[in-house]
Amino acid sequence: QVQLVESGGGLVQAGGSLNLSCVASGRPFSSYVMGWFRQAPGKEREFVAAIRWSTGFTKYADSVKGRFTISRDNAKNTVYLQMNSLKPEDTAVYYCTGRLSAILAVTPQVYDYWGQGTQVTVSS
């Protein structure tokens, strides 16, 4: 059974940084795409970034491009989301997700596995 466990959220001032981690377990992830989504109160879950585990190829939402970086550590089975230059509008619960595919999808419905989420709050 696949398990995804996020950590690293918290409260930070605008302009600050956070590094989210997602430890994946349960099966080999070399054929997976891993992603990060976020959901603010009253809003739909939205795509943030995704990475193809085998090649490291990445995709980003326009709203975070140039500020956020997704990466993975094969030895630790961990996916990271380094978030810099944070803005109040980045405030949300951030979810780690995975799907058995090579396609870096941006719609949450096609992802198979989800973590419990970690809260990120950016104060102005």
Side-chain angles (χ1 to χ4, degrees):
Q1 184 175 348
V2 173
Q3 281 194 318
L4 303 175
V5 180
E6 304 102 330
S7 63
L11 173 64
V12 64
Q13 287 189 331
S17 299
L18 284 173
N19 190 24
L20 306 184
S21 300
C22 171
V23 179
S25 62
R27 63 187 59 185
F29 289 91
S30 57
S31 299
Y32 276 66
V33 162
M34 305 298 293
W36 289 93
F37 283 74
R38 65 187 182 187
Q39 189 166 19
K43 294 189 176 181
E44 294 187 350
R45 194 166 295 191
E46 66 170 356
F47 172 76
V48 175
I51 186 167
R52 188 177 297 143
W53 198 289
S54 58
T55 62
F57 187 78
T58 59
K59 185 177 186 134
Y60 296 92
D62 287 343
S63 59
V64 306
K65 206 171 290 184
R67 300 188 298 124
F68 290 11
T69 302
I70 188 172
S71 62
R72 87 275 189 244
D73 185 325
N74 291 336
K76 296 182 178 180
N77 255 21
T78 300
V79 178
Y80 301 97
L81 184 68
Q82 176 66 43
M83 306 185 295
N84 298 327
S85 302
L86 283 161
K87 305 175 181 179
E89 50 264 43
D90 294 319
T91 295
V93 177
Y94 283 70
Y95 296 91
C96 177
T97 185
R99 67 187 297 244
L100 183 58
S101 173
I103 299 174
L104 280 69
V106 301
T107 53
Q109 292 84 354
V110 303
Y111 282 83
D112 303 310
Y113 306 101
W114 292 86
Q116 81 287 354
T118 185
Q119 176 70 47
V120 171
T121 303
V122 185
S123 63
S124 57

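The figures here come from the full heavy-atom set of this structure, side chains too, leaving out hydrogens, waters and symmetry mates.
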Closest non-hydrogen atom pair, [X] against [Y]:
X     : Y     : result
Leu4  : Ala24 : CD2-CB, 3.6 Å
Thr78 : Val23 : OG1-CG2, 3.8 Å
Tyr80 : Asp73 : CE1-CB, 3.8 Å
Ser17 : Gln82 : CB-NE2, 3.9 Å
Ser21 : Trp36 : O-CH2, 3.7 Å
Leu18 : Gly8  : CD2-O, 3.8 Å

Treat each ILVMFWY residue as a node, draw an edge where side-chain heavy atoms are under 4.5 Å apart, and state whether [X] and [Y] are in one component.
X      : Y      : result
Ile103 : Trp114 : no
Val5   : Tyr95  : no
Ile70  : Val93  : no

Beyond-backbone contact of [X] with [Y], side-chain heavy atoms, under 4.5 angstrom:
X      : Y     : answer
Val106 : Phe37 : no
Val120 : Met83 : yes
Asn77  : Trp53 : yes
Tyr113 : Tyr32 : yes
Val79  : Phe29 : no
Val122 : Lys87 : no
Tyr111 : Arg45 : no

Supply the atom-to-atom distance [X] [atom1] to [Y] [atom2], rounded to the nearest 0.5 angstrom.
X      : Y     : atom1 : atom2 : result
Leu104 : Arg99 : CG    : CZ    : 9.0 Å
Leu81  : Met34 : CG    : CE    : 12.5 Å
Ser30  : Arg52 : OG    : CZ    : 13.0 Å
Gln119 : Leu11 : CD    : CG    : 9.5 Å

Stepwise side-chain hydrogen bond (donor to acceptor under 3.5 Å, both in side chains) test for Arg38 and Tyr94 = CA-CA 4 Å; Arg38 65 187 182 187; Tyr94 283 70; 2.9 Å; yes

Is the backbone of Glu6 close enough, under 3.5 Å, to the side chain of Gln116 for a donor and an acceptor to pair up by distance?
->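 Here the side-chain-to-backbone pair exists.
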
Quick check: does any side chain N or O of Thr107 sit under 3.5 Å from a backbone N or O of Gln109, one acting as donor and the other as acceptor?
->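 Answer holds: no.
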
For Gln3, does the CD atom have more than 12 heavy-atom neighbours from other residues, nucleotides or ligands under 6.0 Å away?
->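 No, not enclosed.
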
Any Lys/Arg nitrogen of Lys65 or Asp62 sitting under 4.0 Å from an Asp/Glu carboxylate oxygen of the other?
-> yes

